[in-house]
Amino acid sequence: MVKTQIEKKYQPYQQDLEEVENMIINSCTKHYSFYQELVEPLLKSGGKRLRPLLTLISFKLNSSICKKAYPVAAAVELIHTASLVHDDVIDRAELRRGEASLNQVWGNEISVLIGDFLFTRAFNLLNKTGNREVINIITEAVTCMCQGQIMEVRGKSNIFLTQGEYLKIIDLKTCSLLQASCLAGAATGKLHSPYAKIMADYALNLGRIFQIKDDLLDLSLSSQKTGKTHFKDIQEKVVTLPLILLFADPCYGHLARELFLKAEHNPEAVTEIKNIFQASKAARELDEVIGYFYCQARRELEQLPCSESREALENILDKIKNY
Ligand code: FPP
Ligand code: MG
């Protein structure tokens with residue numbers, strides 16, 4: 001059994017998550033000679049299983065027996081994993097979840113193909129549900145992820161990227177699948193508005209917090225803690241919210257922009273950006289932004305009836321905010 005970081009805290013979903021885990025693995029094993037070498041390490045690398053959990057919780061808001069939601073929950077995790085495999089190719093990443101990334105070990109060709117493979121296994125599961133609404137929700141989300149990722153790549157090195165543009169990128173590349181995980185779970189459980197809309201708005205704010213924290217950790221924590229290469233965004237010239245706020249700082253902005261533009265093969269410039277970020281007011285502003293989205297998400301949850309599901313969603317929110 002895969003050890004996930006989030007499942008122990010969510011006892012009511014433990015059994016269901018295990019069933020989903022089996023479904024993920026079974027969907028990728030049969031007849032595929034490369035499974036053990038290329039796919040198993042990815043599936044057993046200890047992801048949080050946040051998206052399947054959101055699918056199960058959303059489903060349970062209206063229904064009790066989760067079996068129908070398993071293929072949908074498995075599919076969103078497979079799509080998430082596929083997107084990370086492709087993302088690591090785009091980012092030229094060396095590490096993922098504390099281990100050498102697939103592209104680092106096997107190269108880009110194999111990684112692109114394994115990403116595609118996982119992606120098709122996800123849609124194989126979704127097809128079997130025969131639920132056109134669910135398939136549509138997930139397909140639209142994947143289109144959004146591609147759009148967001150394209151915008152991010154095209155925005156590289158753009159020191160004038162605005163907060164609004166950044167938000168648009170993360171809403172598309174990160175929040176859309178979290179929202180779809182909720183909406184697809186709700187649709188499988190025949191839960192329609194207003195709760196489905198509340199879940200989607202909650203997931204939007206949760207995703208924003210998640211991505212902003214992820215971007216902050218890239219700048220502030222070591223690889224040992226994140227399981228990813230430190231300062232990867234700066235090295236790859238990806239402009240994230242911590243940098244946008246730093247570039248706007250009246251004292252440090254000018255220097256930060258200069259350092260950023262020459263940071264690619266310059267470890268001293270990278271370290272200096274980290275140091276001036278801590279000294280600037282950007283760090284505090286970033287906390288305020290996270291606090292704002294946290295309040296928005298809490299407000300969404302207040303509209304749900306008090307239940308085990310709502311408590312789990314509050315726990316997830318706190319966990320993401322403090323991770
Ligand atoms: C990680 O972001 C990546 C994403 C949130 C989305 C990636 C999406 C695609 C590659 C397009 C969709 C592709 C498929 C196969 C569905 P990050 O780079 O900010 O996070 P990281 O620090 O974990 O790398
Ligand atoms: Mg990345």
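Both backbone and side-chain heavy atoms feed into the values below; hydrogens, waters and symmetry mates do not. Predicted model, so just to flag it, every value in this text is computed and none were measured. As the structure lists them, so they are numbered: ligands from 1, and atoms in each ligand from 1.
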For this session: Could you check which of Gln149, His80, Arg97 puts a non-hydrogen atom nearest to atom 8 (C) of ligand 1?
Result: Gln149

Exercise. Can you tell me if Asn315 and Glu311 form a side-chain donor-acceptor pair at under 3.5 Å?
Worked result: no

For this session: Would you tell me whether Tyr294 and Asn205 have side-chain atoms, one donor and one acceptor, within less than 3.5 Å of each other?
Result: no

For this session: Using a strict cut-off of 4.0 Å, indicate which atoms of ligand 1 neighbour a heavy atom of Asp91.
Result: 18 (O), 24 (O)

Problem set entry | Any pair counted as salt bridge (charged side-chain N to carboxylate O under 4.0 Å, His left out), so long as it reaches residues 271-287, sequence neighbours left out | Lys281-Glu285, Arg284-Glu288

For this session: With 2.8 Å as the limit, jot down which protein N, O or S atoms are around the Mg ion (ligand 2).
Result: Asp87 OD2, Asp91 OD2

Exercise. Non-hydrogen atoms of Gln211 versus ligand 1: any pair closer than 4.0 Å?
Worked result: yes

Problem set entry | Heavy atom of the protein closest to atom 5 (C) of ligand 1 (residue, atom name, distance) | Lys173 O, 3.3 Å

Problem set entry | Close-contact set for ligand 1 against Thr174 heavy atoms, below 4.0 Å | 5 (C)

Exercise. Does ligand 1 have an atom that lies less than 4.0 angstrom from a heavy atom of Arg96?
Worked result: yes

Problem set entry | Identity and distance of the protein heavy atom lying nearest atom 18 (O) of ligand 1 | Asp87 OD2, 2.9 Å

Problem set entry | For Asp88, all residues meeting side chain to side chain donor-acceptor pair (under 3.5 Å), sequence neighbours excluded | Arg96

For this session: List the atom of Leu95, the atom of Gly227, and the distance in Å for their closest heavy-atom pair.
Result: CB-O, 3.5 Å

Seminar exercise, completed: For Phe119, the atoms of ligand 1 under 4.0 Å from one of its heavy atoms are 16 (C)

Problem set entry | Residues Asp214, Lys228: salt bridge by 4.0 Å N-O rule | yes

Exercise. Judged by modelled atom types alone, do Gln296 and Glu300 share a side-chain donor-acceptor pair under 3.5 Å?
Worked result: no

Exercise. Val85, Phe119: one ILVMFWY side-chain cluster at the under-4.5 Å cut-off?
Worked result: no

Seminar exercise, completed: atom 10 (C) of ligand 1: closest protein heavy atom, distance to 0.1 Å, is Ser83 O, 3.6 Å

Problem set entry | Partner set under side chain to side chain donor-acceptor pair (under 3.5 Å) for Asn158, not counting sequence neighbours | none

Exercise. Does a side-chain N-to-carboxylate-O contact under 4.0 Å join Glu21 and Arg49?
Worked result: yes

Problem set entry | Short N-O contact, Arg310 and Glu314, less than 4.0 angstrom | yes

Exercise. What protein heavy atom is closest to atom 12 (C) of ligand 1, reported as residue, atom name and distance in Å?
Worked result: Cys146 SG, 3.8 Å

Exercise. What protein heavy atom sits nearest atom 20 (O) of ligand 1, and how far away is it?
Worked result: Asp214 OD2, 3.5 Å

Exercise. Between Glu236, His86, Lys228, which one has a non-hydrogen atom sitting closest to atom 21 (P) of ligand 1?
Worked result: Lys228

Problem set entry | Within 6.0 Å of OH in Tyr292, more than 12 heavy atoms from elsewhere | no

